[in-house]
Amino acid sequence: MSIQHDMGAPMRSQTLVRYLDSVALLERMHRLLLDVIKDEFERLSIVNINPVQALLLFNIADNEVTASELKSRGYYQGSNVSYNLKKLVELGYINHQRCAIDRRSVRVRLTPKGQAIRDRVADLFGRHAGQLDEEGVLAFATLDDTVRALRRLERFWGDQIRYIY
């Protein structure tokens, strides 16, 4: 038994190192994505909206949603989504309306101004997808494998929250 334990320890250690590298990389990539959006918006002289708000508009798209729906999709934390939705209403990027059934709930949808921002982010992502392919940065199969691995990690983390062992 102690031999198996000793033989498994280096493997667990390697897995731990790779896992921690992956977690750090995911965090850095998210911050870098926000920087990419910020840089694009600065080039376009769009300065009254931050990258998190731009992504929020991108994720709302053509839908009419509540803050809790955005949270349940896993896009945003509670206080962040509420604050950013409030700011986006104030800036004229989204309209809001109390839900007729549950008066506590507010439904939001993009205004034409919000749709224009959403389209800018979609254009940026479209250009990036084209560049990934054209420049050979990532092959489709590699990107597909990466997405599958990230979805498995997402399910694993979700299970850690829902199920206590």
Side-chain angles (χ1 to χ4, degrees), residues 19-155 157-158 161:
Y19 176 70
L20 293 175
D21 284 347
S22 299
V23 169
L25 180 60
L26 286 169
E27 188 177 1
R28 283 192 315 271
M29 287 183 69
H30 177 69
R31 283 194 308 269
L32 190 56
L33 174 63
L34 295 176
D35 287 343
V36 165
I37 293 169
K38 180 179 181 276
D39 186 61
E40 176 75 2
F41 278 30
E42 285 174 355
R43 271 196 286 273
L44 298 169
S45 298
I46 301 171
V47 294
N48 65 340
I49 185 170
N50 69 43
V52 171
Q53 293 164 343
L55 277 177
L56 187 57
L57 295 173
F58 178 79
N59 287 316
I60 292 171
D62 294 327
N63 302 308
E64 185 175 289
V65 297
T66 64
S68 60
E69 288 169 332
L70 291 166
K71 288 184 280 187
S72 70
R73 291 180 194 171
Y75 294 138
Y76 305 95
Q77 297 299 317
S79 61
N80 288 348
V81 74
S82 298
Y83 168 80
N84 283 309
L85 287 175
K86 180 181 177 202
K87 293 302 285 182
L88 290 167
V89 168
E90 290 172 6
L91 294 168
Y93 289 106
I94 59 174
N95 287 324
H96 70 292
Q97 182 176 6
R98 292 249 173 240
C99 188
I101 297 168
D102 181 359
R103 301 296 297 164
R104 296 169 298 168
S105 182
V106 175
R107 301 196 67 75
V108 298
R109 70 177 179 285
L110 302 185
T111 64
K113 185 177 174 182
Q115 187 63 47
I117 295 294
R118 190 251 182 249
D119 292 346
R120 297 285 185 154
V121 175
D123 289 345
L124 174 67
F125 290 166
R127 283 196 322 270
H128 287 174
Q131 288 174 307
L132 287 173
D133 187 41
E134 292 165 10
E135 298 172 14
V137 176
L138 277 177
F140 178 80
T142 303
L143 194 54
D144 201 37
D145 288 343
T146 302
V147 169
R148 277 197 295 271
L150 290 171
R151 288 195 194 285
R152 286 193 306 270
L153 184 57
E154 179 183 36
R155 278 192 300 274
W157 283 349
I161 295 166

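None of these values were measured; they are calculated from a predicted model. One-based numbering along the sequence shown.
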Original post:
At their closest point, which heavy atom of A54 faces which heavy atom of I37, and how far apart are they?
Top reply: CB-CG2, 4.1 Å
Subject >> Residue pair K113 / L91: nearest heavy atoms and the distance that separates them >> reply: NZ-O, 2.7 Å
**OP:** Name all residues meeting the side chain to side chain donor-acceptor pair (under 3.5 Å) criterion together with E42; count only those two or more places apart in sequence or in a different chain, and write none if there are none.
**Re:** K38
Original post:
Between R127 and D123, is there a salt bridge with N-O shorter than 4.0 Å?
Top reply: no
**OP:** Begin from the C-alpha positions of L150 and E154 and carry the test side chain to side chain contact (heavy atoms under 4.5 Å, CB included) through to its verdict.
**Re:** CA-CA 6 Å; L150 290 171; E154 179 183 36; over 6 Å; no
Original post:
Checking side chain to side chain contact (heavy atoms under 4.5 Å, CB included) for the pair E27/H30: CA distance, chi angles, key distance, verdict?
Top reply: CA-CA 5 Å; E27 188 177 1; H30 177 69; over 6 Å; no
Subject >> By side chain to side chain donor-acceptor pair (under 3.5 Å) - contacts of D119 (at least two apart) >> reply: Q115
**OP:** Take V36 and H128 through the test side chain to side chain contact (heavy atoms under 4.5 Å, CB included) and record every step on the way to the result.
**Re:** CA-CA 11 Å; V36 165; H128 287 174; 3.4 Å; yes
Subject >> Between CG on residue L70 and CG on residue N80, distance to nearest 0.5 Å >> reply: 12.0 Å
Original post:
Can you list the steps and then say if I60 with L85 is a side chain to side chain contact (heavy atoms under 4.5 Å, CB included)?
Top reply: CA-CA 11 Å; I60 292 171; L85 287 175; 4.2 Å; yes
Subject >> Partner set under side chain to side chain donor-acceptor pair (under 3.5 Å) for D133, not counting sequence neighbours >> reply: none
**OP:** Check whether any side-chain heavy atom of I49 lies under 4.5 Å from a side-chain heavy atom of L57, and answer yes or no.
**Re:** yes
Original post:
Distance from I117 atom CD1 to I46 atom CD1, nearest 0.5 Å?
Top reply: 4.0 Å
Original post:
What heavy-atom pair brings R107 and T66 nearest, and what distance separates the two atoms?
Top reply: NH1-CG2, 3.2 Å
**OP:** Indicate whether any N or O donor in one side chain lies under 3.5 Å from an N or O acceptor in the other, for Y93 and N48.
**Re:** yes
Subject >> Summary of ring-ring contact (aromatic ring centres under 6.0 Å, His included) pairs that have at least one residue in residues 39-71, sequence neighbours excluded >> reply: F58-F125
Original post:
Does atom CD of Q97 have more than 12 heavy-atom neighbours from other groups under 6.0 Å away?
Top reply: no
Original post:
L138 versus T146: any side-chain heavy-atom pair under 4.5 Å?
Top reply: no
Original post:
Any side-chain heavy atom of L33 sitting closer than 4.5 Å to one from L55?
Top reply: yes
Original post:
Taking only residues two or more places apart in sequence or in another chain, which ones pass side chain to side chain donor-acceptor pair (under 3.5 Å) with R148?
Top reply: D144, D145
Original post:
Which atom pair, heavy atoms only, marks the closest approach of E69 to E64?
Top reply: OE1-O, 4.0 Å
**OP:** Compare every heavy atom of N59 with every heavy atom of N63, then report the nearest pair and how far apart it is.
**Re:** ND2-O, 4.3 Å
**OP:** Report yes or no: does D39 contribute a side-chain atom to a donor-acceptor pair with the main-chain N or O of D35 at less than 3.5 Å?
**Re:** no
Subject >> Qualifying residues under salt bridge (charged side-chain N to carboxylate O under 4.0 Å, His left out), relative to R120, sequence neighbours excluded >> reply: none
